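For the single chain, residues carry numbers from 1 onward in sequence order. Ligands are counted one by one from 1 in listed order, and the atoms in each one are counted from 1 as well. Fair warning: this is a prediction, and the values are worked out from it, not measured in the lab. These numbers come from the heavy atoms of this one structure, side chains and all, not from hydrogens, waters or symmetry mates.
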Amino acid sequence: MSHNAPIGVFDSGVGGLSVLREIRELLPRESLLYVADSGHVPYGEKSPEFIRERCRLLADFLLKQGAKALVLACNTATAAGIAELRELYPQLPIVGMEPAVKPAAAATRSGVVGVLATTGTLKSAKFAALLDRFASDVRVITQPCPGLVECIEAGELDGTQTRAMLRGWVQPLLAEGCDTLILGCTHYPFIKPLLRELLPASVSLIDTGAAVARHLQRLLAERELLASGPAQVARFWSSAEPLRMQAVLPGLWGEPAQVRAL
Ligand code: DGL
């Protein structure tokens, strides 16, 4: 495998762009391939079997494009599908995401941590194991957010509907004394500005995009797979109407780019 081969990244939609941005920032020499499975979003309300099938298909597509590593830029897909992908491709560096329970448990002063994530992530065995391992000394309140991913996919980052839903979810957490809020879905970093408006400054927001980029860097370095050469551009695919993603890319990715149909 050549060190200048691309890194393949996928999510159920545009949420994983929040992770892709961190990867671009830390590893600008890497060629990046991004697949948004927006034709099947949201994963959060789908069965683990369905998500595993999507993971196999998307991984296969990215490997056919020559990917030297995979990033599941999706907490829900990681919970359902990463174990199977690691079995299928034992030699391949594969990085996943999980809600940042460990750092949140270390950071909270009130002892109450909130988790915003999809229903699928919160119901998963992986998440239960994470709580058992790292959250024995704190109270964790989980809050699924059905409908939020769809708003973010549509580029509605601070519309009336997004705002009303979020307010309804965070107010009970605040009433319970939550001072640390985990963003356990890769779509949610895009609504950080709105969350900052709705939450007191004393509440910390924790997400894992930057940690995932660092983990990827370590894995590639260990295998001597870090790219050299000039900075690279990213290539994008969507399983929904490509023009829809193309319209929200400048806002979410920071620059326009062409999106191809998957
Ligand atoms: N962005 C995804 C995650 O991190 C999933 C959103 C969805 O499709 O429900 O969990």
### Message
Is the distance between the ring centroids of Trp237 and Phe61 under 6.0 Å?
### Response
yes

Any heavy atom of Val149 under 4.0 Å from ligand 1? The part involved is side chain

The protein heavy atom nearest to atom 10 (O) of ligand 1 is Thr76 OG1, 2.6 Å

Closest to atom 2 (C) of ligand 1 among protein heavy atoms sits Cys74 SG, 3.2 Å

Kindly assign one of parallel, tilted or perpendicular to the pair His40 and Phe50, based on the angle between their ring planes and the thresholds 30° and 60°.
tilted

Under a 3.5 Å threshold, yes or no: a donor from one side chain and an acceptor from the other, between Ser204 and Thr180? no

Residues 149-159 vs side-chain hydrogen bond (donor to acceptor under 3.5 Å, both in side chains), sequence neighbours excluded, gives Ser38-Glu153, Glu153-His187

Before signing off on this row, confirm whether Gly44 and ligand 1 have an N or O atom pair separated by under 3.5 Å. yes

Worksheet item: Hey, does Thr118 come in under 3.5 Å of ligand 1, counting only N/O atoms on both sides?
Response: no

Answer yes or no: is there a donor N or O on one side and an acceptor on the other, between the side chain of Ser18 and the main chain of Thr186, under 3.5 Å? yes

With a cut-off of 4.0 Å, which atoms of ligand 1 are near a heavy atom of [X]?
| X | value |
| --- | --- |
| Asp11 | 1 (N), 2 (C) |
| Val41 | 8 (O) |
| Ser12 | 5 (C), 6 (C), 7 (C), 8 (O) |
| His187 | 1 (N), 2 (C), 6 (C) |

The test is salt bridge (charged side-chain N to carboxylate O under 4.0 Å, His left out); show your working for Asp60 and Arg56 and say whether it passes.
CA-CA 6 Å; Asp60 182 60; Arg56 285 196 298 273; over 6 Å; no

Does ligand 1 have an atom under 4.0 Å from some heavy atom of Pro42? yes

Tested for side chain to side chain donor-acceptor pair (under 3.5 Å) against Tyr43, the lone hit among Asp37, Thr76, Asp11 is Asp37

